Amino acid sequence: MDQAHLKRRRRDLILAFLLAAAAACAPLFVKDVYVQNIMVLTLMYAALSQAWNILGGYCGQISLGHALYFGLGAYTTALLFTKLGVLPWFGMIGGGLISAVIALALGYPTFRLRGHYFVIATIVIAEIGFLLFHNWDWAGAALGIDIMVRGDSWAKFQFTRSKLPYYYFALVFCCLAWLITWWLEDTKWGYWWRAVKDNPEAAESLGVVVFNSKMGAAAVSAFLTAVGGSFYAMFVSYIDPESVMTFQFSLLMALPAVLGGIGTLWGPVLGAAILIPLTELTRSFVGGSGRGVDLILYGSVIVLISLARPEGLLGLFSRKPASKGAPQ
């Protein structure tokens, strides 16, 4: 492996550590609760977009149905906690495992599809999941689940006096998603995924097990997405199908990676840092008119960025191709 590649990976790790340290210190200077809420959502979506990027960016399987896994994580944690008294930490793991298994089950037929057929299939499957939960009485159906807050507790992952515990969990979650991606990027699976993305037929002729590589990417992506859903359920203390399983969530997971740089390590982070505050601020300051002005502004910025930098904003900081091929 060439020295330039090793230096780049070390540089990425050092930069990640510095950014994480700066983010950890940010609450010392930012006291406004509204801004803290935006910071929590930004970190959460950075992690979710990183999870989506594993399947959609590195492996090239564009999914617009990740809201299914997000919702499964949220509902698993909420149901276990409210119905059976199981602590949210176990619900996160359980939701992640359930989502990974379902991703494998759904991947078996859908990964035989290609291009827009696969994209349509992911949307349809997510909508089916939305309708099932919308009519499932035990899970609250359309009324959803109200997670009763029982005081500040790390064990129950509930806090009423401050958003900082949620902020630091979101930061850890974002760092873990980044580190997992950083590690996978330089493993056999990472090279397989990029080979499958570039040319599945050529990759298969060189010994890459295309189908298995797609299944592995789907399982990892679904697990991390479900953990994000579990966190969101405890953060907002109330979920229903409309709040965790709509098409909007699938888009908000994909857009940061697309805008920042799809199939790159830093693209989802950069995209989320710009997109999520923009979303929240436009909705807060101009969304109250009821005329959709916030959506017009928000959509216009996305279109302009996409036209100016089709390869993503990360292209502004690098002249080299974002991804590295397999070593010779």
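All of these numbers come straight from a predicted model, not from anything done at the bench. FYI, the numbering just counts along the sequence from 1.
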Going from OG on Ser49 to CG on Leu224, what distance comes out if it is rounded to the nearest 0.5 angstrom? 12.0 Å

Report, as yes or no, whether the 6.0 Å neighbourhood of atom NZ on Lys7 holds more than 12 heavy atoms from other residues, nucleotides or ligands. no

Taking C-beta and beyond as the side chain, do Leu106 and Leu68 meet within less than 4.5 Å on heavy atoms? yes

Do Phe235 and Val30 share a hydrophobic cluster, counting only Ile, Leu, Val, Met, Phe, Trp and Tyr and linking them when any side-chain heavy atoms are less than 4.5 Å apart? yes

Report the C-alpha separation of Tyr45 and Leu275 in whole Å, then their side-chain angles, then the decisive distance to 0.1 Å, and conclude whether the side-chain contact (heavy atoms from CB on, under 4.5 Å) test is met. CA-CA 10 Å; Tyr45 277 109; Leu275 189 64; over 6 Å; no

Less than 3.5 Å apart, which donor and acceptor atoms pair up between the side chains of residues 165-180 and the rest of the protein, not counting sequence neighbours?
residue, atom, partner, partner atom, Å
Tyr166, OH, Phe159, N, 3.2
Tyr166, OH, Met234, O, 3.4
Tyr167, OH, Ala23, O, 2.5
Tyr168, OH, Ala24, O, 2.8

For residues Pro268 and Ala46, report the shortest heavy-atom separation together with the two atoms involved. CB-O, 4.1 Å

Can you run down the side-chain hydrogen bond (donor to acceptor under 3.5 Å, both in side chains) pairs that involve residues 77-86, sequence neighbours left out, and say none if there aren't any? Thr77-Ser230

Are Met39 and Leu164 connected in the hydrophobic side-chain network, where two residues link if heavy atoms are under 4.5 Å apart? yes

Which atoms form the tightest heavy-atom contact between Ser237 and Val149, and what is the distance? OG-CG2, 3.6 Å

Expected list for residues 243-250: side-chain donor-acceptor pairs under 3.5 angstrom, two or more places apart:
residue, atom, partner, partner atom, Å
Ser243, OG, Asp240, N, 2.9
Ser243, OG, Asp240, O, 2.9
Ser243, OG, Asp240, OD1, 2.8
Ser250, OG, Leu64, O, 3.3
Ser250, OG, His66, N, 3.3
Ser250, OG, Ala67, N, 2.9

If you look only at distance, which donor and acceptor atoms sit under 3.5 Å apart when one is on a side chain in residues 123-137 and the other is two or more places apart or in another chain?
residue, atom, partner, partner atom, Å
Asn135, ND2, Leu131, O, 2.8

Side chain proximity check, Ile102 to Leu72, heavy atoms < 4.5 angstrom: yes

Tell me whether Trp154 shares a hydrophobic cluster with Phe231, the cluster being built from Ile, Leu, Val, Met, Phe, Trp, Tyr side chains joined at under 4.5 Å. yes

Here the salt bridge (charged side-chain N to carboxylate O under 4.0 Å, His left out) pairs for residues 32-51, sequence neighbours left out, are none

Between the main-chain N or O of Trp193 and the side-chain N or O of Ser213, is there a donor-acceptor pair closer than 3.5 Å? no

Looking only at non-hydrogen atoms, find the nearest pair between Gln50 and Thr264 and report the distance. OE1-O, 4.2 Å

Working to the nearest 0.5 angstrom, can you tell me the gap between Thr181 OG1 and Tyr58 OH? 6.0 Å

Pairs touching residues 209-227 that satisfy salt bridge (charged side-chain N to carboxylate O under 4.0 Å, His left out), sequence neighbours left out: none

Tell me if a side-chain donor or acceptor on Gln158 pairs with a main-chain N or O of Lys156 at a distance below 3.5 Å. no

Within a strict 4.5 Å, meaning less than it, do heavy atoms of the Val40 and Tyr232 side chains meet? no

Approximate separation, where rounding is to 0.5 Å, of Leu251 CG and Trp52 CH2: 10.0 Å

Scan the side chains in residues 90-99 for donor-acceptor partners under 3.5 Å anywhere in the protein, sequence neighbours excluded, and list what turns up.
residue, atom, partner, partner atom, Å
Ser99, OG, Gly95, O, 2.9

Does any N or O in the side chain of Arg9 come within less than 3.5 Å of the main-chain N or O of His5, such that one atom is a donor and the other an acceptor? no

Which atom pair, heavy atoms only, marks the closest approach of Pro241 to Tyr75? CD-OH, 2.9 Å

Remaining members of hydrophobic cluster (4.5 Å side-chain criterion), Leu113: Leu55, Leu104, Tyr108, Phe111, Tyr117, Phe118, Phe211, Met215

Non-hydrogen atoms of Leu87 and Phe81 that approach each other most closely: CA-CD1, 4.5 Å

Within the side chain of Asp152, is there an N or O that forms a donor-acceptor pair under 3.5 Å with the backbone of Thr160? yes

Inter-residue atom distance Asn37.CG - Thr42.OG1, 0.5 Å rounding: 9.0 Å

For Asp12, give me all partners under salt bridge (Lys or Arg N to Asp or Glu O under 4.0 Å), at least two apart in sequence or on another chain. Arg8

Between Ser221 (side chain) and Ala218 (backbone), is there a donor-acceptor pair under 3.5 Å? no

Tell me whether Val227 shares a hydrophobic cluster with Val236, the cluster being built from Ile, Leu, Val, Met, Phe, Trp, Tyr side chains joined at under 4.5 Å. yes

Rounded to the nearest 0.5 Å, what separation is found between the CD atom of Glu280 and the OG1 atom of Thr282? 8.0 Å

Is there a side-chain contact (heavy atoms from CB on, under 4.5 Å) between Trp266 and Leu19? Walk through the geometry before answering. CA-CA 12 Å; Trp266 289 104; Leu19 289 175; 3.6 Å; yes

Other cluster members, Leu28 - Ile/Leu/Val/Met/Phe/Trp/Tyr, side-chain contacts below 4.5 Å: Phe29

Given a cutoff of under 4.5 Å between side-chain heavy atoms of I, L, V, M, F, W and Y, with clusters grown through shared members, what are the other residues clustered with Ile14? Phe17, Leu18

Do Ile54 and Val101 share a hydrophobic cluster (ILVMFWY, side-chain heavy atoms under 4.5 Å, transitive)? no

From OG1 (Thr110) to CD1 (Ile120), nearest 0.5 Å: 13.0 Å

If you define the side chain from C-beta out and look only at heavy atoms, does anything of Trp189 sit under 4.5 Å from Trp183? no

If the condition is salt bridge (Lys or Arg N to Asp or Glu O under 4.0 Å), which residues does Arg114 pass it with, not counting sequence neighbours? Glu201

Closest heavy-atom pair, Ile62 versus Thr122, reported as atoms and distance to 0.1 Å, is O-OG1, 4.4 Å

